[in-house]
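Beneath this line is the structure, given in structure tokens, with notes to follow.
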Number of protein chains: 2
Amino acid sequence: MNSSASGMADPLGGEAAPARLRNLPTRLLALTALHSDRLVTEGLAGADARQWHYAVLATLQEFGPASQAELSRRTRIYRSDLVTVINELAERGFVERAPDPADRRRNVITMTGQGRRRLHRLDELLAAIGDDVLAPLSREERRQFTDLLTRLLDHHGRSRHRDA
Amino acid sequence: MNSSASGMADPLGGEAAPARLRNLPTRLLALTALHSDRLVTEGLAGADARQWHYAVLATLQEFGPASQAELSRRTRIYRSDLVTVINELAERGFVERAPDPADRRRNVITMTGQGRRRLHRLDELLAAIGDDVLAPLSREERRQFTDLLTRLLDHHGRSRHRDA
DNA sequence: GACGAACGTTAGTCGCACTAACAATTAGAG
DNA sequence: CTCTAATTGTTAGTGCGACTAACGTTCGTC
């Protein structure tokens, strides 16, 4: 009864995939990211957190108080979604949302002391999860891996392809 | 009018992300995969196809006619979703779905000649897209990259963590 | 003082991974 | 040989993340 789930393909007892799929880099990338995301999401959920929380807290830590628009640009979280994230963080006392007196369109988001402690906690959690994800790789290979990813991201970050 | 979209963070003009995020491997992985997925999805959509179509056709090519359950195991597509995929492929004449006389619970899915031609076409398309995604990497680096991904996948594919 | 842009917000779309439940059929245990 | 458990295909539905549309408010500018 290990694989007793109903409508699904047992991810464990899966039969071999065809070579075309095993060698398709975009597929490898997607599957690996899916797995990694799952670990991260589960790990953070156990601490009542989400990736977005970490992204926002980390940004506040490094750049200081900021408007939601600026946070959106730095974290690449959509402004519409950011509203919810800030709500959640504010509910838990990790940030404060106040109107900006200098520009009354904006809110100033400020990290609290509790928020700073929270960030440290999430730092540790994410480091542990990252270790788990990259477990089979040596230190040098991990460096290679993140380096390759960074270069791919940098390249595609610059050149936008939507011309229509 | 580059950044004229309404509710969103302009992914182009984004300001610098904090170091914590830039160095977080799980985040790099997620963002890279997101970008790759987008390119793949758009590219295939232009040919009225989806990743799943390719996965199913490739599996049929390598292992011959199969039941939907077997296809599900090999492609890791959920059986429930596979129904739709087979519908789409059958509509377009790339596969045929027939009841299995030997086991009347099953359907036998068989690839047609059109399906084979389709597979070749998608092979080319995906190769081109993969080239695009991996553009900034040298041949040797691409090999490294897929090798690292494969090892990560293999590792996590074996040890399942859901015991409950 | 009018107009366009930026900001925060609400609501909603779309696709994907995944679950639940079910009828039909088959296999296995007693 | 029968009865139960498991497998197969299918429908429906959940949850979440990325993304769009639209709106009222405020700011800069001319």
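Just so it is clear, the values below take in all heavy atoms, side chains as well, and ignore hydrogens, waters and symmetry mates. Residue numbers begin at 1 in each chain, while the letters A, B, ... track the order of the sequences.
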Are B/Trp52 and A/Leu21 connected in a single hydrophobic cluster, I mean Ile/Leu/Val/Met/Phe/Trp/Tyr linked by side-chain heavy atoms less than 4.5 Å apart?
yes
Distance-only donor-acceptor hits, side chain of residues 123-135 of chain B, under 3.5 Å, sequence neighbours excluded:
from     : atom 1 : to       : atom 2 : distance (Å)
B/Asp123 : OD1    : B/Tyr54  : OH     : 2.5
B/Asp123 : OD2    : A/Arg20  : NH1    : 2.4
B/Asp131 : OD1    : B/Arg142 : NH1    : 3.1

I'd like to check the salt bridge (Lys or Arg N to Asp or Glu O under 4.0 Å) partners of A/Arg151; sequence neighbours left out, ordered by chain and number.
B/Glu141
Who passes salt bridge (Lys or Arg N to Asp or Glu O under 4.0 Å) against B/Arg105, sequence neighbours left out?
B/Asp103
Where along residues 85-94 of chain B does a heavy atom come under 4.0 Å from DNA chain D, residue by residue in number order?
none
When you measure from the side-chain N and O atoms of [X] to the phosphate of [N], is any distance below 4.0 Å, counting only OP1 and OP2?
{"X": "B/Arg106", "N": "D/dT7", "value": "no"}
{"X": "B/Gln68", "N": "D/dT7", "value": "no"}
{"X": "A/Arg73", "N": "C/dC7", "value": "yes"}

What protein N or O atoms touch nucleotides 26-30 of chain D N or O atoms at under 3.5 angstrom, if any, and at what distances?
from   : atom 1 : to       : atom 2 : distance (Å)
D/dC27 : OP1    : A/Arg104 : N      : 2.6

Determine, step by step, whether A/Arg73 and A/Glu70 satisfy the salt bridge (Lys or Arg N to Asp or Glu O under 4.0 Å) criterion, reporting the C-alpha distance in whole Å, the side-chain angles of both residues, the deciding distance to 0.1 Å, and the verdict.
CA-CA 5 Å; A/Arg73 276 178 233 116; A/Glu70 188 190 342; 5.8 Å; no
Examine distances only and state if a side-chain atom of [X] and a backbone atom of [Y] form a donor-acceptor pair shorter than 3.5 Å.
{"X": "A/Arg79", "Y": "A/Ser72", "value": "no"}
{"X": "A/Arg92", "Y": "A/Glu88", "value": "yes"}
{"X": "A/Thr110", "Y": "A/Pro65", "value": "no"}

Check nucleotides 15-18 of chain D for protein N or O atoms closer than 3.5 Å to its own N or O atoms and list the pairs.
from   : atom 1 : to      : atom 2 : distance (Å)
D/dG17 : OP2    : A/Arg50 : NH1    : 3.4

